[in-house]
Trainee: 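Pasting a structure here, questions to come.
Naming convention: chains lettered A, B, ... in sequence-line order (proteins, then strands); numbering from 1 in each chain. Note that this is a predicted model, so its numbers are computed, not measured.
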Amino acid sequence: MKEQELIPHLFRTEYRKITAVLCKRFGIEHIEIAEDIASDTFLLAVETWSFRGLPENPKAWLYSVAKNKAKNLLTHNHIFSEKIVQEIQNSAAENSEFEIDLSEKNITDSQLQMLFALCHPSISGEAQIGLSLRILCGFGIDEIADAFLSNKETINKRLFRAKEKLRQENVKIEFPAETEINLRLETVLTTLYLLFSEGYYSESQDEILRKDLCLEAMRLTFLLIENERTNLPKVNALFSLMCFHSSRFEARKDKNGEIVFYQEQDETLWNQALITQGIFHFHEASQGNEISKYHLEAGIAYWHTKKTDSQEKWENILQLYNILLQINYSPIAALNRTYALAKVKGNVLAIAEAEKLNLNDNHFYLTLLGELYKEIDQNKARTHFQKALLLAKTKTDKLTIQKQIDSL
Amino acid sequence: MEEFALIMRHEDGQKLASPEQMQAWMKQTMDWIGGIAAQNKFVSGTGLPFDEAKVVRFNNVVTNGPFGDIKETIGGLIIVKAESVEEAVEFAKGCPVLQGEGNTIEVRKVAKGN
């Protein structure tokens, strides 16, 4: 790897490791110090390496610089050091020497514990995602801003407030107690699910960034699978859902970056390795009695990995949506159920059911009605598409609807 | 928004259905409930299987039930959200239980807590 590629790559993979380990060591109240040390380490790396060339082992170089910076800080900042040294003396009486453990095991443990700390119910879902992206994924503020279609200032403020809150709540960086895991895991999984969706459905034009968001969500979910205490059926269900969805990544955009509808996708572009992996984790998920929304969504996604329309496929999808809506209503699930219903029982019946949904202000609803009317009444189809076009906000949605109108 | 219980009554719970019939009936019931849930009007619900059913009577006499002198049984119930009893009745009309002559759906308002 060339130097100009290596540093950003190392930044991605090592920044988050150093930050997680230091933050775990110092406590959440010193999260910014941990971030600063990690950033300063990379700043020094860029300066030094551009003069003297790359060290033999860049990773070890970074770790030793980070360790030294942490030690220096302890010597020069008395208020900080008193607190930390005291804590260290409490924890390891015989060895008061300040040590920072950058072993693989401690890195993984620290990241996992940080994941639980950052996905704390006291801060909003958006803030959890933002902090996770910054601290656990090593994303830059401008990248986070781009992913959220926001600006640096807003994101900085959001992250600052979230860190304040975590400090006030005195959130511990530790593995939750056995009795709490299930409850805390709920928030963690929601955040990972949203992080993945952010990448999958984001309006950001940056295709690489969007894919990175999805991959990072999968990496963090896999951290949970690798730990036996969190390797639970619903975690596997979420992971298999992510595998099934991401298998279509290459097929869902054309050369110009325009979205390709599921029905028109070239299925030879679907990633079979990811589908296989998804099936494996779906089996893992089926142990136990719990059926979470992730199980149901993974089941629906599984049937979508079979391109050919069949009665069996849509019947199964319809039944899964029937259950999903009972435990977790969302307008989009209601619309997708109606689509499956049309596939199983025909458009006339589906239109009658759709009209009860009470989603008249939703452009996806109007688009669906337009689609269902296409073969029955072209004029009605056009009217619905036109209404949808007025309500659509994003460029992709407008383009999608315009295509439908043009096809009439 | 009020909550209503839709109680499904079978005229004769002893009538045995074939596994195929049962499966078809289950699907129809799920589609019916799914349609209500798609309107965000589903609260909760459960089927009430006849296996191991018991009836506890006066003086704690326990009999295998629910059948005895009366053939009519309750097959399940769901609770829905509705603006009015009329809307709840509209939901009930779609229930596949009503395909059987003599079967009924009882629509009852759920008493509010507190």
Side-chain angles (χ1 to χ4, degrees), chain A residues 289 291-293 295-297 299-300 303 310-362 364-369 372, chain B residues 1-8 17 19-49 51-52 75-99 105 107 110:
Chain A
N289 296 321
I291 299 179
S292 63
K293 73 166 191 154
H295 282 87
L296 297 163
E297 288 196 28
I300 293 163
W303 282 102
S310 70
Q311 185 71 18
E312 189 197 14
K313 170 179 169 173
W314 289 105
E315 185 65 65
N316 274 291
I317 292 175
L318 173 62
Q319 292 309 333
L320 288 163
Y321 272 121
N322 282 340
I323 306 169
L324 179 63
L325 283 160
Q326 289 173 47
I327 64 168
N328 197 284
Y329 169 84
S330 68
I332 201 74
L335 294 174
N336 287 337
R337 175 198 179 261
T338 312
Y339 184 78
L341 189 73
K343 288 282 187 182
V344 176
K345 297 194 173 171
N347 290 11
V348 176
L349 191 129
I351 289 170
E353 288 259 307
E355 280 167 350
K356 297 178 192 162
L357 293 181
N358 199 20
L359 293 170
N360 294 315
D361 303 332
N362 183 318
F364 293 114
Y365 166 76
L366 294 163
T367 312
L368 174 70
L369 267 185
L372 294 177
Chain B
M1 197 83 80
E2 305 271 5
E3 289 187 5
F4 294 87
L6 311 186
I7 304 159
M8 295 161 241
E20 290 78 23
Q21 278 176 308
M22 286 288 283
Q23 211 195 348
W25 183 78
M26 268 303 294
K27 263 188 194 168
Q28 288 177 3
T29 306
M30 288 307 289
D31 288 345
W32 171 59
I33 294 175
I36 296 168
Q39 299 173 51
N40 203 11
K41 297 277 176 75
F42 175 83
V43 180
S44 63
T46 182
L48 298 167
D51 316 345
E52 290 194 57
L77 64 94
I78 72 167
I79 295 175
V80 298
K81 284 182 274 188
E83 295 289 354
S84 61
V85 67
E86 285 74 23
E87 190 186 358
V89 164
E90 283 308 310
F91 286 142
K93 283 180 184 170
C95 179
V97 163
L98 295 177
Q99 290 166 16
I105 306 279
V107 181
V110 174

Trainee: More than 12 heavy atoms of other residues, nucleotides or ligands under 6.0 Å from NZ of A/Lys343: is that the case?
Mentor: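 Above 12, so yes.
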Trainee: Which pair of heavy atoms, one from B/Gln39 and one from A/Tyr329, lies closest together, and at what distance?
Mentor: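 So the two residues come closest at C-CE1, 4.3 Å.
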Trainee: Just wondering, do A/Ile323 and B/Met30 contact through their side chains at under 4.5 Å, heavy atoms?
Mentor: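 They are in side-chain contact.
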Trainee: With only heavy atoms counted, which part of B/Lys41 is less than 4.5 Å from chain A, the side chain, the backbone, both or neither?
Mentor: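 No part of it gets close to chain A.
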Trainee: Return the minimal non-hydrogen interatomic distance between B/Ala38 and A/Ala334, and the atom names on each side.
Mentor: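 Heavy-atom minimum between the residues: O-CB, 3.4 Å.
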Trainee: Decide if atom CG of B/Leu77 counts as having more than 12 heavy atoms of other residues, nucleotides or ligands within a radius under 6.0 Å.
Mentor: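 Yes.
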Trainee: Could you tell me the separation between the NZ atom of A/Lys356 and the CD1 atom of B/Ile36, rounded to the nearest 0.5 Å?
Mentor: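 Here the rounded value is 8.5 Å.
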Trainee: Given that the side chain runs from C-beta out, which part of A/Glu353 has a heavy atom under 4.5 Å from chain B: side chain, backbone, both or neither?
Mentor: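 Looking at A/Glu353, just its side chain touches chain B.
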Trainee: Does A/Glu355, at its CD atom, have more than 12 non-hydrogen atoms belonging to other residues, nucleotides or ligands within less than 6.0 Å?
Mentor: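 Yes - once you tally the heavy atoms of other residues, nucleotides and ligands closer than 6.0 Å, there are more than 12.
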Trainee: Is any side-chain heavy atom of A/Asn322 closer than 4.5 Å to one of B/Ile33?
Mentor: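 No; the side chains remain at least 4.5 Å from each other.
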Trainee: I need the minimum non-hydrogen distance between A/Leu325 and B/Gly34, along with the two atoms involved.
Mentor: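 Between these two residues, the closest heavy atoms are CD1-O, 4.2 Å.
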Trainee: Measuring from atom CG of A/Leu341 to atom CG of B/Asp31, what distance do you get when rounded to the nearest 0.5 angstrom?
Mentor: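 Spacing of CG (A/Leu341) from CG (B/Asp31) equals 6.5 Å.
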Trainee: If you draw a 6.0 Å radius around CG in A/Asn328, do more than 12 non-hydrogen atoms from other residues or ligands fall strictly inside?
Mentor: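 Enclosed: over 12 neighbouring heavy atoms sit under 6.0 Å from CG of A/Asn328.
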